[in-house]
Amino acid sequence: MAERNPKNQKTDSGKDSLTPLMQQYHEIKSQYPGMLLFFRLGDFYEMFGDDAKRASGVLEVILTQRQGIPMCGVPYHAVNTYLKKLVKSGEKIAICEQLEEPGQTKGIVKRGVVRVITPGTILEDNLLSSKENNYIVSVLISQGSDKIGIAYADISTGEFQTTETDKKNLKYELMKLSPQEIIFPESVKNNGIYKAILNGTDCAASFIEDWRYNYGEAQNRIKQIFKLQSLKPFNLENKTLSVGSIGGLLAYLEKTQVNQFPQFQNIRYYSLDNCLLIDETAVKNLELIEGINTRTKENSLLEIIDFTLSPMGSRLLRNFILRPLIDVNEILNRQRRIGFFIDEGITRRKVRELLKKISDIERIVSRCATFSAYPRELISLKNSLEIIPNLKETISLNKDLVSLPESLSAICGKLKIPEGIFALINKSIAEEPPVLIKDGGVIKEGYNSELDELKKISKNGKSFISQMEATEREKTGINNLKIGYTSVFGYFIEVSKSNLRIVPQHYIRKQTLTNGERYITPELKTLEEKILSAEEKILKLELKLFREIMEQVSSFSKELFTLARALAEIDVFNSLAEAAVTYNYTKPKIDDSFELSIKDGRHPVIERKIKSGTFVSNDTYLNADTDQIILLTGPNMSGKSTYLRQTALIVILAQIGSFVPASDARIGIVDRIFTRIGSGDNLAKGESTFMVEMLETAHILNQYSARSLIILDEIGRGTSTYDGISIAWATVEYLLSKRNKENKGPKVLFATHYFELTELERKMKGVKNYNVSVKEYQNDVIFLHKIEPGAADRSYGIHVAQLAGIPKEVIKKANDILFELENKEIEETVDSDKKQLDFFVPQAGRHEIEYSQTNGNSLKDFVSSSSKIMVELDKIDTNSLTPLEALAIIDKWKKEYNK
Ligand code: ADP
Ligand code: MG
């Protein structure tokens, strides 16, 4: 504490005005540029200069000045609360500790940074969400090719994965991982590539020297850290980009986790070719893991199907949803595991009871590896381990003897408790330890004889004190004499005012109170010395022992991570079974065909959000030739978007291995899902609605394969009617014509309000018209939400306007106009000067109403110009067309045909 005030430090040289302490501070500070340095001074972490100014604002702590230097501090025991605020505001914090005991050395205490806390390297429990991973990602972009290497880790759970893929997949991967921090090579900093990558995310960027990404260097680091002879066990041989990106990540972790390198089970190489790719816009639009409007789990698919009970399980389920499978056998395997828990209701429920008691084993182990676990976490680890044998038995010895699927018994086989760990925690940690190790009493009696001895001294010492109190009372005849303790004065003898006369000569007066005096005696001080030193030793020893125990626990990390993964899988399959039973899902048939056939499909989220039992189920049939495109027309609000999304969601659920909301389903494997849904307006990013729409459409047209499922919910809406119809028409033709070698094309669900497009069914094989049926009743429209074959016969926009509460006069006039448009040869009454549609000309009479079609064209013009446009469209190669070229063409059309 003496060091808390830097003023106490005398300068040792005249020419340097800095105190030695501040010299030490600046030396350390210079090694961590851009970060806040938490400089430990006694019981506080202090910040100086600009750091102090920056932090005091965020933390709302008082900024003081010492010798003209701004400073502020936070007490070390409450540091987590402060760290939380700083990390949230995007700061990186270097924690600088005292590396030796004050008083042990002459001069100033040695200090050093033990850890750097950055958004991607958090371990503190209260800074993490237990249901989500906290990923840190490293990206290496190839110079010569269009490939990249991605490595990512969650140091709080021990997960480490890597892949090599095309550059265009980067955003998609980042979207799924939603990392807190991305590491790049130093050199990228200057060319700004990283800024483009970070655009639209709220994640931090960090940099590490380029040479760390060097294949040879990175390879050596991996071998050293994972104790390997070669990279073969990790399938990383010759994967230069992957290995490089791992090198960067490991180097960064070494730099930040100075004294406490995290434990990783292994590095897993994954390939994007092995999973159903869900485009980043699709993840958003289909609301897989968060609702579009809520930006939280609420209203998402995850919210509905998540019945997991352990933190590991809920993190894994999230990852499952984002990476559905494409291998039929793997999917069938998952179905069998889920099917088992569905059939075995009693087992399922028992397993659920047991899973509830399992704590976050992954994070506890990771915290042991970095010496940051709390005593109570070890007890919850022990309690979790205690449940394992019971869990294993419950699953493998179910009474009904339904045979256990092989793949599930394989998982059960991984439910192994590493030898000795239970006993270790059981004999070393007290059953109900205090929250913090420094509170003492963490280590159980009988674990360490030295500790037991010290505790005896400390305890006896206290009884000596009360003995001494009794004898002193007797010797002095002062009945109310008492021995007390304060942290400032230590032990003392207190005598009240009335007895001061008879205080013995050898009592040494220490303190005067209003109604008495406090004394010490040499005898009392000797005893005090003994007791206090024992207590100090106890704390130190407990700390040391606890560290050793954490070290031993983390020596089992490999086995414990395997166990945790097995638990997570059991939790996820059990959870999907629970969802299937609760919601009455069925098992889909999965095969390699190009067919998609769903009977009575439902939207998993909407059916839960509307009044129970009111959701109208619908069939879907698609294949790669005769029924390639469902062209869905129908009034607004009738259920088109819902239908499109439900089909995609059913495919995703099926390929996760889950059961699906339908009475029957047959799913031929889908390799990618694309969506173009007319809602997300990225105006904030400076892109106009129509531009976004065209970018998304171009992206789809350039990427799809014959196995893809494409959801187009309105295209061409962001522009004038003719442009819109033309673009939509051309898009459909393109999707029909670009096919693979076996003449298969993608499956498409296309909702549109352009009735003109329903003509396509007659003209092209593969298009099927469907509409959402409605019933008209006394001028009202009732939505039946039922999808049926055939095109809708008209639009019901006005009825929807009515539902929305548009004033009656407007509705009435609109109906009149509609009547005109539908029943009469339309006379051209448009005067180019009068483009305003005057709804409120009271008795103007129908025939005099001036109307404006979009941009003032007549229907006749429309027909002739649109056929010219069609001819031109025919010549365009959409494959090579850039969005800008498309815009230029549309602009030309507007000028030419839109006079
Ligand atoms: P559209 O895309 O045709 O404008 P939506 O798909 O957005 O219509 O559906 C509008 C609303 O109608 C939904 O929010 C939902 O409440 C309801 N709805 C849609 N489909 C169904 C259905 N199959 N059963 C019951 N309600 C539905
Ligand atoms: Mg819609």
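Numbering of ligands and ligand atoms starts at 1, following listing order.
Close N/O approach between S617 and ligand 1 is not found [any backbone or side-chain N/O within under 3.5 Å]. Every N/O-N/O distance between Y643 and ligand 1 stays at or above 3.5 Å.
Scanning the protein for heavy atoms near atom 7 (O) of ligand 1, the closest one is S641 CB, 4.0 Å. The protein atom (non-hydrogen) at minimum distance from atom 15 (C) of ligand 1 is I606 CG2, 4.2 Å. Among all protein heavy atoms, the one lying closest to atom 8 (O) of ligand 1 is G639 N, 3.0 Å. In this structure, the protein non-hydrogen atom closest to atom 16 (O) of ligand 1 is I610 CG2, 4.0 Å. Among protein heavy atoms, atom 5 (P) of ligand 1 sits closest to T642 OG1, 3.5 Å. Here the protein heavy atom with the shortest distance to atom 4 (O) of ligand 1 is M637 N, 2.6 Å. Nearest protein heavy-atom contact of atom 3 (O) of ligand 1 is K640 N, 2.8 Å. Nearest non-hydrogen protein atom to atom 18 (N) of ligand 1 is H785 CE1, 3.5 Å.
Under the 4.0 Å criterion applied to side-chain N and carboxylate O atoms, R352 and E578 are assigned as salt-bridge partners. A salt bridge does not link K297 to E303: none of the charged nitrogens lies less than 4.0 Å from a carboxylate oxygen. Electrostatic pairing of K640 and D713 does not count as a salt bridge here, judged by no charged N lying under 4.0 Å from a carboxylate O.
The part of T614 lying near ligand 1 is the backbone, judged by heavy-atom distances below 4.0 Å. Residue contacts with ligand 1 for A751 are absent, since no atom lies close enough (heavy atoms, distance under 4.0 Å).
Looking at L576 and L317, their side chains come closer than 4.5 Å, going by heavy atoms from C-beta outward.
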*Give the C-alpha distance, both sets of side-chain angles, the deciding distance and a yes or no for side-chain contact (heavy atoms from CB on, under 4.5 Å) between F615 and I610.*
CA-CA 7 Å; F615 192 88; I610 61 175; 3.9 Å; yes

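D671 places no side-chain N or O within donor-acceptor distance of the main-chain N or O of L276, the cut-off being under 3.5 Å.
With atom 23 (N) of ligand 1 as the reference point, the heavy atom nearest to it among I787, V616, T633, N618 is part of V616.
The aromatic rings of F674 and H699 lie perpendicular to each other, with more than 60° between the two planes, well past the 30° mark.
Residue G634 places no heavy atom under 4.0 Å from ligand 1.
Separation of atoms CG (N133) and CG (L177) is listed at 9.0 Å; rounding is to 0.5 Å. Note that CD1 of I677 is 4.0 Å distant from CG of N285, once rounded to the nearest 0.5 Å. Atom NE2 of residue H785 and atom CE of residue M637 lie 7.5 Å apart, to the nearest 0.5 angstrom.
Every atom of ligand 1 is numbered from 1 in the order shown, and the set under 4.0 Å from a heavy atom of F615 is 21 (C), 22 (C), 23 (N), 24 (N), 25 (C). Those atoms of ligand 1 with a heavy atom of P635 less than 4.0 angstrom away are 3 (O).
Inclusion of T642 in the first shell of the Mg ion (ligand 2) is not supported: no N, O or S atom falls under 2.8 Å.
For the pair R707 and F594, the distance from NZ or CZ to the six-membered ring centre is under 6.0 Å and the angle to the ring normal is within 45 degrees.
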